[in-house]
K.L.:
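For reference, the structure I am asking about is given below.
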Protein chains: 4
Amino acid sequence: MSATPASTPAKKTAPDAARRSERSRRAIYDAALGLVGEIGYPRTTIEGIAARAGVGKQTIYRWWGSKAEVLMEAFIDLNEQNARAAAANHPGVPVGASGLPDTGDLAADLKLVLRATVDELQDPRFEAPARALAAEGLADREFAEGFVRRLLMPGLDLYTARLRSAQEAGQLRADIDPETARDLFVSPIAQRWLQGTGPLDHAYTDRLVEYALYGIAARPATP
Amino acid sequence: MSATPASTPAKKTAPDAARRSERSRRAIYDAALGLVGEIGYPRTTIEGIAARAGVGKQTIYRWWGSKAEVLMEAFIDLNEQNARAAAANHPGVPVGASGLPDTGDLAADLKLVLRATVDELQDPRFEAPARALAAEGLADREFAEGFVRRLLMPGLDLYTARLRSAQEAGQLRADIDPETARDLFVSPIAQRWLQGTGPLDHAYTDRLVEYALYGIAARPATP
Amino acid sequence: MSATPASTPAKKTAPDAARRSERSRRAIYDAALGLVGEIGYPRTTIEGIAARAGVGKQTIYRWWGSKAEVLMEAFIDLNEQNARAAAANHPGVPVGASGLPDTGDLAADLKLVLRATVDELQDPRFEAPARALAAEGLADREFAEGFVRRLLMPGLDLYTARLRSAQEAGQLRADIDPETARDLFVSPIAQRWLQGTGPLDHAYTDRLVEYALYGIAARPATP
Amino acid sequence: MSATPASTPAKKTAPDAARRSERSRRAIYDAALGLVGEIGYPRTTIEGIAARAGVGKQTIYRWWGSKAEVLMEAFIDLNEQNARAAAANHPGVPVGASGLPDTGDLAADLKLVLRATVDELQDPRFEAPARALAAEGLADREFAEGFVRRLLMPGLDLYTARLRSAQEAGQLRADIDPETARDLFVSPIAQRWLQGTGPLDHAYTDRLVEYALYGIAARPATP
DNA sequence: GCTTAAACGAGACGGTACGTCATGTCTTTGA
DNA sequence: TCAAAGACATGACGTACCGTCTCGTTTAAGC
């Protein structure tokens, strides 16, 4: 888990990661998340982060390329801490190899997880930085790539894996593409959260599961 | 009627819209769309728009509150022009009351329209401003409200209406919520376009229609 | 004294002075003097004058070339009113042909008038516009010429005339240049008022008269 | 003991003068004087100074409060350089303790110095900034105080000292106030220079000395 | 008394400069 | 020897006025 040795930006001469001040790194993460939560991402500035972290601006520019990158790493770090804490609190939750619950009842499992996802999306500690990162991704394709790969995909892949598992168990049609199928559940939630195109609650996610699993077309009357 | 006589928010003293320069308005729209297309939204500045439009900055600040608002109106205007041009070019296209094709074959109609939607989303003239507006909406809830109401919803409502029509024709289950159903088709496209979580092509949209209409769950063997 | 028919600035086509609104002219004078007194000359703007006078900006630009010109005419008008009022209040004051008191005692007359001048210079209603006009004159040679000719010289000429009268009466050396002599009294007051190089009071002006009339050099002992 | 150990007025946080860029300071002085000389003070802008100096606007705002302050320091600096250059060129000029020539002949000394002063006032390199600073002093009393103290008084005090020296030598009446006496010579020059109330040449200054020293009143015939 | 042209109030317009803020780079200084 | 502190050049921000230019509305003159 230590620093990502390959991804050193290495303009000029690459700084020596071994000498990096852990205390500064943490202070910068805290300042970035704090400011984004308190005054919003657009009004959060690198100067502001440096000042609150008690750090020189150069210390930020040395290790990150933009405030978006700072925030992304701060957010990833926050998620890792939360995941560790959650794992510590609920040591025995039975999950499939996919990382999602796998009780055999696909509909129930999906409903459960989607409800939890919706709740997490609306947790204010997550919402502000997550929206900011999503916005940055819209404006900057390169940033978006990293954002999707490092933050979004790991979560989406859990669903894909769970669907593949269901497919192997014969609960899903064999000709289904799991990624497309995954989008039927996940994307509507994403869009309502990103754009506010409608209410985002448990009833909605339950409906999504029902409709996607069994289709919305009228069934021919079975005489 | 309606005019909105009451809704004058009137910061300072509201300018007199009757004296507004149409020539300046058009020049500002053109400059805004041009710059966003050429150098991208973040590097587009109000000063740059004013300079390219040959207009004083104050003329922009007099009528709009931010570059996002300028771009939204420019984009809406662009869409209206395109719609008018399209209507002029294809005067006799048979559409349902909903505004979407309604041949009676729901699956075919949806596939057709979704393919067209995907193509439009990837038209470079649309993509840059649309992504910029979506990004702005992520950062500013109030802006998002206007963005959704003025740009997104009119498009989404066409789908909702088409689905309701299908429901009345007995092609859709009667207990289906049309807005949730609409999201099954539309949101996956939106997310792939917004975040780049996967390829966005005709095969994908066709699959979405198939899966959503008939469900992805394995069917019990019909003996 | 009527309008100066030759000096019409006549950019574009000269406006018709006969149709000029007296009410607007007065309102502009009052607004200009009021604003200069209240917020100072630099923060007084043409827009501000127009707004306070309830007048369109163009009405100012039609008749004057700058805010300095407006203020100069307003100030001249104020002085004329004051002069009329003073003349009405003291109908029988005996003055020489020069306009200054001429009792035959040059020293006494000068002391009296210089004391009055100093008092007037320090009247707050006069001070603000007068200083502003003097400042404008420093920056703009052309304006200065008009300022001196229309405002300053008429006052200075009174002193010159009084000195010439004294010269004819044999009280002043015959070889004295009256304008240089006048400066000995007037310029020190002007400089202290303009630049604040020292206190400006009656004792000072009395001293000036003494020194200038009788010289500051030690007299050879008269045995 | 008494916070604010020195005179830290400290708007925001006072900048660290030790880190100040000497190169920028010099470039700003040169640009300010150059622009004032070329296009005049009113059309000289802080943006223009910054641009010509190759300096950010903020660097000006960091160290000065207005363009008038910039120009005053630039002008003081110019005078100091000139004084140094003059001292280097004429190393052995005999001057009194006052800094003005003191040959024992007061009239001759004054005439000499006043002629030089008049010449300097009309040197175009001095005239433009000096008039601008004087104008600014008229509009801003606080600025005037600094202008007088830092620029005007040092010059005037030379005259006062010379007169005091003459007084001690018995050439001036003992009851004369030297500052008032000084104004008899200096103020007329100042006013003619500031306001253009008359020609400013050597004949004029010679006359001033004569008149002031020996008085303008007719002398009683000495029988 | 009616017509007509100008001056008028209002204020939108293309501009310029303001003074502030944040950027990303570079330099100084103290631990 | 690093990192904090922060000065620097750059450039956009949003505001205030500039002087010009329409707009309709008085208003006074001349028919």
Side-chain angles (χ1 to χ4, degrees), chain A residues 11-12 15-16 19-21 23-24 42-48 50-51 53-62 65-67, chain B residues 12-21 23-24 27 42-51 53-63 65-67, chain C residues 11-13 15-21 23-24 27 43-51 53-63 65-67, chain D residues 12-21 23-24 27 43-51 53-63 65-67:
Chain A
K11 212 166 293 189
K12 295 290 164 103
D16 181 350
R19 303 196 147 195
R20 184 167 181 184
S21 161
R23 142 191 275 278
S24 291
R43 289 168 52 205
T44 296
T45 65
I46 293 205
E47 294 204 333
V55 138
K57 278 199 291 179
Q58 201 56 36
T59 302
I60 296 183
Y61 284 111
R62 186 152 32 229
S66 66
K67 75 171 172 172
Chain B
K12 292 300 161 87
T13 46
D16 181 349
R19 301 198 163 177
R20 186 165 180 182
S21 160
R23 141 190 276 275
S24 292
R43 289 169 52 206
T44 296
T45 65
I46 293 207
E47 293 205 334
I49 295 171
V55 136
K57 275 199 289 180
Q58 201 57 44
T59 299
I60 297 183
Y61 285 111
R62 186 159 26 235
W63 300 109
S66 65
K67 74 170 171 173
Chain C
K11 211 163 295 189
K12 297 294 164 100
T13 49
D16 180 351
R19 304 193 141 196
R20 185 166 179 183
S21 161
R23 141 191 277 274
S24 292
R43 290 167 52 205
T44 296
T45 65
I46 293 207
E47 294 205 332
I49 295 170
V55 137
K57 278 198 290 179
Q58 197 61 253
T59 299
I60 296 183
Y61 284 111
R62 182 152 37 228
W63 301 109
S66 65
K67 74 170 172 172
Chain D
K12 291 303 162 86
T13 46
D16 181 349
R19 301 196 163 179
R20 185 164 180 183
S21 160
R23 140 191 277 277
S24 293
R43 289 168 52 206
T44 295
T45 65
I46 293 208
E47 292 205 333
I49 295 170
V55 137
K57 275 199 290 180
Q58 200 57 44
T59 299
I60 297 183
Y61 285 111
R62 182 153 36 231
W63 301 109
S66 64
K67 74 170 171 173

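Residue numbering restarts at 1 for every chain, and letters A, B, ... go by the order of the sequence lines.
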K.L.:
Calculate the interatomic distance between B/I60 atom CD1 and F/dT15 atom P; express it in whole Å.
P.N.:
13 Å

K.L.:
Any idea which heavy atoms bring C/A27 and C/A53 closest together, and the distance?
P.N.:
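Between these two residues, the closest heavy atoms are O-CB, 3.6 Å.
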
K.L.:
Once hydrogens and angles are ignored, does a donor-acceptor distance under 3.5 Å link the base of E/dT27 to the side chain of D/R19?
P.N.:
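When only heavy-atom distances are counted, D/R19 does not reach the base of E/dT27 through any donor-acceptor pair under 3.5 Å.
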
K.L.:
Tell me whether the side-chain N/O atoms of B/T45 come closer than 4.0 Å to OP1 or OP2 in F/dG11.
P.N.:
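Looking at the OP1 and OP2 atoms of F/dG11, neither is under 4.0 Å from any side-chain N or O of B/T45.
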
K.L.:
Between B/S24 and E/dA12, does any side-chain N or O lie under 4.0 Å from OP1 or OP2?
P.N.:
no

K.L.:
Among F/dC8, E/dA12, E/dA7, find the nucleotide with the atom closest to the side chain of B/P15.
P.N.:
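When the side chain of B/P15 is considered, E/dA12 is the closest of F/dC8, E/dA12, E/dA7.
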
K.L.:
Given F/dT15, E/dT20, F/dG14, which nucleotide is nearest the side-chain atoms of B/I46?
P.N.:
F/dG14

K.L.:
In whole angstroms, how far is the P atom of F/dC18 from the CZ atom of C/R43?
P.N.:
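Atom-to-atom, C/R43 to F/dC18, this comes out as 14 Å.
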
K.L.:
Starting at CG of C/D16 and ending at P of E/dA6, how long is that distance when rounded to a whole Å?
P.N.:
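Roughly 9 Å, once rounded to whole Å.
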
K.L.:
Check whether any side-chain N or O of B/T59 sits under 4.0 Å from OP1 or OP2 of E/dG14, and answer yes or no.
P.N.:
yes

K.L.:
Between C/A17 and C/W63, which heavy-atom pair has the shortest distance, and what is it?
P.N.:
CA-CH2, 3.7 Å

K.L.:
Indicate, yes or no, whether a donor-acceptor pair under 3.5 Å links the base of E/dC13 to the side chain of B/Q58.
P.N.:
no

K.L.:
Provide, to the nearest angstrom, the distance between the CH2 atom belonging to D/W63 and the P atom belonging to E/dG19.
P.N.:
19 Å

K.L.:
For the side chain of B/R62, counting heavy atoms from C-beta on, which of E/dA12, F/dA5, E/dT23 is nearest?
P.N.:
E/dA12

K.L.:
Side chains of B/I60 and B/K57, heavy atoms from C-beta outward: is any pair under 4.5 Å?
P.N.:
no

K.L.:
So how far is it from A/I46 CD1 to A/K67 NZ, rounded to the nearest 0.5 Å?
P.N.:
8.0 Å

K.L.:
Is atom CZ of C/R43 surrounded by more than 12 heavy atoms (other residues, nucleotides or ligands) closer than 6.0 Å?
P.N.:
no

K.L.:
Where each residue is assigned the nucleotide of DNA chain F containing its nearest heavy atom, which of B/G65 and C/Y61 is assigned the position nearer the 5′ end?
P.N.:
B/G65

K.L.:
Between C/A51 and B/G56, which has a closest nucleotide on DNA chain E that is more 5'?
P.N.:
C/A51

K.L.:
Can you find a donor-acceptor pair, distance only, under 3.5 Å between B/K57 side chain and E/dG15 base?
P.N.:
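Result: no qualifying N/O pair found.
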
K.L.:
Rounded to the Å, how far apart are B/E47 CD and F/dT10 P?
P.N.:
16 Å

K.L.:
Take the protein atom CZ of C/R23 and the nucleotide atom P of F/dA28, then report the distance between them rounded to whole Å.
P.N.:
11 Å

K.L.:
Between C/K67 and D/S21, which is nearer to the 5' end of DNA chain F once each is assigned its nearest nucleotide?
P.N.:
D/S21

K.L.:
Tell me what C/G48 touches on the nucleic acid: a base, only sugar-phosphate, or nothing, going by heavy atoms under 4.0 Å.
P.N.:
nothing

